[in-house]
Amino acid sequence: MKSLIILFVFTLILSCSSTKEIFVVQEENLEVLNDIIGESNGGIYYESIDSDLQKPIDSYVNKYLLEFYLCINDIDSSTTKISELEISYLKEQFSKHEIVRFDKLSAELKEKIVKNHERFKTVSISLPVVFRNGSMAIYYVSGTYGGGFNLLQKNNEKWNVICSNSVWIE
């Protein structure tokens, strides 16, 4: 009887232990975040988002919503064309995102974020996803008037937004 109780307790402990993969923000994602938040005027909320309008961000990752037409002038359209393979990769990566606190990732980020949402002044962003061998990245941004994706390109070791596309507009 005693061994049965020990076996039961041991089984209970094992069943309660989590086998969930620990989410880690990669160095390349942190580099992109530093540039995104560093260029902001201090209106980015301190926690990342993994959903918007009560839907996970990966549900917005599709061909239609990743067609970028609103780009800076000298961007080649082949740069902004997202392939089906890339869409699958981006969908998978966004589905793995968890909410993280930017102030816990880097002391540099702590200075540029806010802990209170202010209507018309604060936006929330997702963690970025880096692709195309580290030359492109994408993240989701949501604010008072809408939400959408921003496409970034790395030029001279700096990440710059080159295109945007809205998912919803109020």
Side-chain angles (χ1 to χ4, degrees), residues 18-53 55-113 123-143 146-169:
S18 175
T19 58
K20 185 177 180 182
E21 183 179 320
I22 296 173
F23 185 79
V24 177
V25 177
Q26 303 294 322
E27 186 64 34
E28 62 185 359
N29 297 71
L30 189 54
E31 182 184 314
V32 178
L33 275 172
N34 278 324
D35 285 352
I36 293 168
I37 295 174
E39 293 296 316
S40 75
N41 58 359
I44 295 180
Y45 192 61
Y46 79 104
E47 284 185 323
S48 68
I49 56 173
D50 61 1
S51 63
D52 192 25
L53 299 177
K55 290 174 67 175
I57 291 171
D58 66 292
S59 68
Y60 298 123
V61 178
N62 62 54
K63 183 177 173 136
Y64 172 72
L65 294 175
L66 294 180
E67 289 180 351
F68 293 97
Y69 299 112
L70 303 173
C71 301
I72 60 175
N73 293 338
D74 34 346
I75 295 297
D76 181 9
S77 63
S78 65
T79 302
T80 63
K81 178 96 170 115
I82 309 295
S83 72
E84 290 294 330
L85 188 60
E86 289 172 326
I87 289 172
S88 294
Y89 173 76
L90 295 171
K91 188 173 207 55
E92 176 188 351
Q93 294 304 306
F94 276 111
S95 73
K96 293 178 183 178
H97 281 185
E98 294 179 5
I99 296 172
V100 298
R101 288 183 52 170
F102 298 132
D103 57 340
K104 300 289 184 185
L105 297 176
S106 161
E108 294 172 41
L109 298 178
K110 191 173 188 172
E111 310 260 330
K112 289 280 195 164
I113 56 172
V123 296
S124 296
I125 64 172
S126 72
L127 291 170
V129 175
V130 178
F131 63 109
R132 288 193 191 158
N133 296 320
S135 67
M136 303 290 286
I138 191 169
Y139 71 98
Y140 188 88
V141 61
S142 179
F149 290 101
N150 284 341
L151 184 66
L152 299 97
Q153 186 175 37
K154 189 173 188 178
N155 289 320
N156 299 324
E157 302 303 312
K158 183 125 175 83
W159 288 97
N160 300 301
V161 174
I162 59 168
C163 288
S164 298
N165 194 24
S166 296
V167 169
W168 64 274
I169 298 173

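For the numbers below, each heavy atom of this structure counts, side chains included, while hydrogens, waters and symmetry mates do not. Since we're looking at a predicted model, the values are computed, not measured.
- Here Glu47 pairs with Tyr45, Ile99, Arg101 under the side-chain contact (heavy atoms from CB on, under 4.5 Å) rule; sequence neighbours left out.
- Contacts of Lys158 classified as salt bridge (charged side-chain N to carboxylate O under 4.0 Å, His left out), with partners at least two apart in sequence or in another chain: Asp35, Glu39.
- Using a 4.5 Å heavy-atom threshold, the side chains of Ile138 and Ile82 count as separate.
- Taking OG of Ser51 as the start and CG of Asp58 as the end, the distance is 10.0 Å to the nearest 0.5 Å.
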- request: Run the numbers on Val32 and Tyr139 for side-chain contact (heavy atoms from CB on, under 4.5 Å), then give the verdict.
  value: CA-CA 10 Å; Val32 178; Tyr139 71 98; 5.5 Å; no
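- Expressed to the nearest 0.5 Å, how far CG of Asn160 lies from CG of Asn155 amounts to 6.0 Å.
- Contact between Ser40 and Lys112 at its shortest, heavy atoms only, is O-NZ, 3.3 Å.
- A salt bridge (charged side-chain N to carboxylate O under 4.0 Å, His left out) check over residues 80-91, counting only residues at least two apart or in different chains, returns the pairs Glu86-Arg132.
- Here the closest non-hydrogen pair linking Val61 and Ile87 is CG1-O, 3.7 Å.
- Glu92 meets the side-chain contact (heavy atoms from CB on, under 4.5 Å) test with Lys96; sequence neighbours excluded.
- Leu66 and Asn165 make their closest contact through N-ND2, 4.1 Å (heavy atoms, listed as atom of the first residue, atom of the second, distance).
- In this structure, Ser88 OG and Asn62 CG are separated by 11.5 Å, a value rounded to the nearest 0.5 Å.
- The shortest side-chain heavy-atom distance between Leu53 and Val167 does not fall under the 4.5 Å cut-off.
- Partners of Lys154 under the salt bridge (charged side-chain N to carboxylate O under 4.0 Å, His left out) rule, at least two apart in sequence or in another chain, are Glu31, Glu157.
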task: List the steps and the verdict of side-chain contact (heavy atoms from CB on, under 4.5 Å) for Tyr60 and Phe94.
output: CA-CA 10 Å; Tyr60 298 123; Phe94 276 111; over 6 Å; no
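- Residues Phe102 and Asn34 have side chains not in contact (no heavy-atom distance under 4.5 Å, counting atoms from C-beta outward).
- Within 6.0 Å of the CG atom in Leu85, the count of heavy atoms belonging to other residues, nucleotides or ligands does not exceed 12.
- Between Met136 and Leu151 there is a side-chain heavy-atom pair separated by less than 4.5 Å.
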- prompt: Between Phe68 and Asn150, is a side-chain contact (heavy atoms from CB on, under 4.5 Å) present by the stated rule, with each step listed?
  reply: CA-CA 9 Å; Phe68 293 97; Asn150 284 341; over 6 Å; no
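- Listed by chain and number, the residues in a side-chain contact (heavy atoms from CB on, under 4.5 Å) with Ile49 are Ile57, Ser124, Ser126, Tyr140, Ser142 (sequence neighbours excluded).
- Under the 4.5 Å side-chain criterion, counting only non-hydrogen atoms from C-beta, Pro128 is in contact with Asn29.
- Among all heavy-atom pairs drawn from Phe149 and Leu65, the shortest one is CD1-O, 4.0 Å.
- Contact check for His97 versus Val129: side-chain heavy atoms found under the 4.5 Å cut-off.
- No donor-acceptor pair under 3.5 Å is formed between the side chain of Ser166 and the backbone N or O of Gly148.
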